[in-house]
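Structure record follows, encoded as structure tokens.
A quick note: this is a predicted structure, and the numbers were derived from the prediction, not measured. Just so it is clear, the values below take in all heavy atoms, side chains as well, and ignore hydrogens, waters and symmetry mates.
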Amino acid sequence: MEMPAPSPAILAKKARLVERLSAVLPVDAVIHEEREIKAYECDALTAYKCPPLCAVLPASTEEVAAVLKICHDMEVPVVPRGSGTSLAGGALPTADSVILGVARMNAVLETNYDDRYIRVQTGRTNLSVTGAVEEHDFFYAPDPSSQLACAIAGNIAMNSGGAHCLKYGVTTNNLMGVRMVQMDGTILDIGGAHLDAAGYDLLGIICGSEGQMGVVTEATLRILRKPEGARPVLMGFDSNEVAGACVSDIIKAGVLPVAIEFMDRPVIRATEAFAGAGYPDCEALLIVEVEGSEAEIDEQLGLILQIARKHNPVELRESTSADESARIWLGRKSAFGAMGQINDYMCLDGTIPVSSLPMVLKRIGELSKQYGLDVGNVFHAGDGNMHPLILFDANKEGDLELCEAMGADILRLCVEAGGCLTGEHGVGIEKRDLMTAQFAPEDLEIQMKVKDVFDPKWLLNPAKVFPLASSEGRRAA
């Protein structure tokens with residue numbers, strides 16, 4: 001779906017803007033030719049595209065501050081961008097905006113193993129944070145499926161999680177401090193290399209704010225010692241509902257695996273064709289991983305397997321080697337790419353109470369039949385972070401709109417079940433007009449007043465998060 005092209009007045013403004021930006025950045029850091037800016041016209045939600053006025057690639061906090069000050073003075077909106085892996089349109093430009101990419105800001109600034117933290121520029125990829133500390137037997141816990149490519153900047157913006165968030169938490173549980181630039185160019189340091197900051201929890205506001213408050217250029221992240229060992233077990237079941245009930249019972253028993261991942265038959269078939277991980281022929285499977293010493297692992301898995309057997313699994317496969325563990329995880333890590341080879345799809349991100357998994361999975365199946373669109377389910381079952389993949393044909397007229405309508409019904413279902421619209425992908429443009437399904441007008445007004453404080457002109461990441469009429473009205477006020 002193409003977004004409106006810029007008006008002649010906006011194009012005239014562009015020339016002056018590019019001239020001013022080029023005065024504070026290297027020549028190759030200002031991208032404005034039509035053929036070049038196409039790379040920035042969308043993120044991973046590719047159904048929506050809109051070329052920005054231009055894109056800038058600063059290499060330091062000071063360069064970010066200079067860019068923002070210029071855009072603030074000229075009242076030009078700015079869309080912060082990490083690696084562009086957002087599945088909710090979080091980095092989608094508007095025709096009158098500047099994309100501010102942090103890809104060149106990828107340095108490790110400080111590492112402290114005694115106090116267990118690392119300070120990095122936020123263009124650094126998630127996986128490379130662990131890469132910087134693993135030789136000392138440390139790691140960075142949040143592990144989104146896109147961790148090979150996604151940037152820390154985007155992880156902070158969307159409060160990203162991952163397969164191991166059940167035990168270690170999501171980004172907000174592993175973020176200690178940030179350096180952030182406000183829209184007017186003011187540089188703020190929030191939190192730092194200590195357990196807790198004095199005063200209000202401003203860090204809690206910044207993490208998950210989707211670039212609405214400022215551009216985060218540096219982050220202090222908690223790093224952890226690697227566990228002694230880890231071992232996954234693969235469980236196959238003859239229905240989604242039974243697998244969901246097994247997850248609920250594991251959590252209810254008080255066991256804390258490091259991960260519980262869910263895949264249903266469509267995803268199992270796709271990943272087998274794509275990666276050949278050796279998964280069983282079943283309707284649903286769980287990958288449950290525990291870690292610790294050998295004795296701890298044996299004790300935890302013993303209880304988990306005992307619970308699983310009560311649900312009559314079609315297969316139980318406990319890993320016996322590092323190679324087998326890698327194969328068990330291979331399919332799960334390949335799932336999104338494998339599904340993309342089958343068809344276009346929209347990946348949702350609702351979160352529900354774990355006890356509601358059987359009911360919600362059954363209802364998703366009913367909605368699939370109602371709309372006539374296939375759904376593959378692959379998600380972090382331990383914390384109830386659902387990722388239904390709705391398959392559609394982007395070349396078939398009306399299919400995208402049908403897919404969006406079904407997605408909206410699934411997200412409303414998540415809210416009705418006691419959950420929320422997003423667990424880690426963010427609201428972006430995908431869910432902005434569903435915010436009223438979760439929040440009363442008074443709730444949204446309070447949230448928008450917080451943005452008023454950080455960004456009074458509403459120039460940062462426009463047309464995101466809040467219902468479009470509300471955010472556009474705020475910007476025009």
Side-chain angles (χ1 to χ4, degrees), residues 82-86 102-179 191-193 195 203 207 216-232 256-261 287 289-292 297 319 322-323 325-337 380 382-383 385 424-425:
S83 298
T85 58
S86 170
V102 296
R104 293 185 177 182
M105 302 174 60
N106 55 20
V108 172
L109 303 172
E110 181 184 3
T111 307
N112 187 315
Y113 296 105
D114 292 332
D115 295 324
R116 298 187 305 166
Y117 69 83
I118 183 172
R119 188 164 59 89
V120 300
Q121 289 182 309
T122 56
R124 193 170 185 87
T125 61
N126 175 287
L127 190 59
S128 71
V129 175
T130 290
V133 297
E134 61 186 350
E135 66 176 309
H136 294 275
D137 291 327
F138 279 80
F139 73 107
Y140 177 59
D143 58 340
S145 295
S146 59
Q147 66 178 153
L148 182 65
C150 65
I152 292 299
N155 290 178
I156 293 170
M158 304 304 179
N159 192 20
S160 301
H164 292 86
C165 66
L166 177 59
K167 180 173 182 179
Y168 294 114
V170 293
T171 299
T172 192
N173 306 111
N174 295 274
L175 179 66
M176 301 171 70
V178 298
R179 172 161 284 190
L195 289 178
L203 197 60
C207 187
V216 178
T217 60
E218 297 177 15
T220 303
L221 307 171
R222 179 174 288 110
I223 54 175
L224 302 171
R225 274 279 184 186
K226 286 185 178 179
E228 289 184 52
R231 192 188 313 159
L256 186 61
V258 69
I260 305 180
E261 295 294 296
I287 299 172
E289 184 170 271
V290 299
E291 63 183 21
I297 290 173
S319 173
D323 180 66
S325 294
R327 291 191 66 79
I328 286 175
W329 278 108
L330 175 63
R332 173 60 184 90
K333 291 292 186 180
S334 305
F336 290 95
H380 314 310
D383 67 340
N385 190 183
E424 58 177 335
H425 292 176

Q. For R104, does the CZ atom sit with more than 12 other heavy atoms under 6.0 Å from it, leaving out its own atoms?
A. yes

**Q.** Heavy-atom side-chain proximity of E424 to H380 below 4.5 angstrom
**A.** yes

(Q) Looking at E218 and R119, is there a salt bridge between them, counting it only when a charged N and a carboxylate O are closer than 4.0 Å? (A) yes

**Q.** Heavy-atom check, side chain of P227 versus side chain of F139, under 4.5 Å
**A.** yes

Q: Go through the steps for E134 and K226 under the test side chain to side chain contact (heavy atoms under 4.5 Å, CB included), then give the verdict.
A: CA-CA 8 Å; E134 61 186 350; K226 286 185 178 179; 3.7 Å; yes

Q.
Is the shortest side-chain heavy-atom distance between V216 and R179 below 4.5 Å?
A. no

Q. Taking the side chain as C-beta and beyond, is there a heavy-atom pair between I223 and Y113 under 4.5 Å?
A. yes

Q: Could you check R225 against R116 for side chain to side chain contact (heavy atoms under 4.5 Å, CB included), going step by step and ending with a plain yes or no?
A: CA-CA 8 Å; R225 274 279 184 186; R116 298 187 305 166; 5.6 Å; no

Q) S334 side chain to L330 main-chain N or O, any donor-acceptor pair under 3.5 Å? A) yes

Q) How many angstroms lie between OG1 in T85 and CG in N126, if you round to the nearest 0.5 Å? A) 9.5 Å

Q.
For N173, is there any backbone N or O sitting under 3.5 Å from a side-chain donor or acceptor partner on R222?
A. yes

(Q) Closer than 3.5 angstrom, by distance alone: can the side chain of S325 be matched with the main-chain N or O of P232 as a donor-acceptor pair? (A) no

Q: Taking the side chain as every heavy atom from C-beta outward, state whether P257 and L166 have any atom pair closer than 4.5 Å.
A: yes

Q | Within 6.0 angstrom of L109 CG, more than 12 heavy atoms from elsewhere | A | yes

Q) Looking only at atom types and distance, does a side-chain atom of N159 sit under 3.5 Å from a main-chain N or O of N155, one as donor and one as acceptor? A) no

(Q) Taking salt bridge (Lys or Arg N to Asp or Glu O under 4.0 Å) as the definition, give me every residue that meets it alongside E261, ordered by chain and number, with sequence neighbours left out. (A) R332

Q: Quickly, which of V133, I152, L127 forms a side chain to side chain contact (heavy atoms under 4.5 Å, CB included) with Y140? Name it, please.
A: I152

Q) Can I118 and L221 be said to form a side chain to side chain contact (heavy atoms under 4.5 Å, CB included), step by step? A) CA-CA 5 Å; I118 183 172; L221 307 171; 4.0 Å; yes

Q | Validation row: P142, S160 side chains within 4.5 angstrom (heavy atoms) | A | no

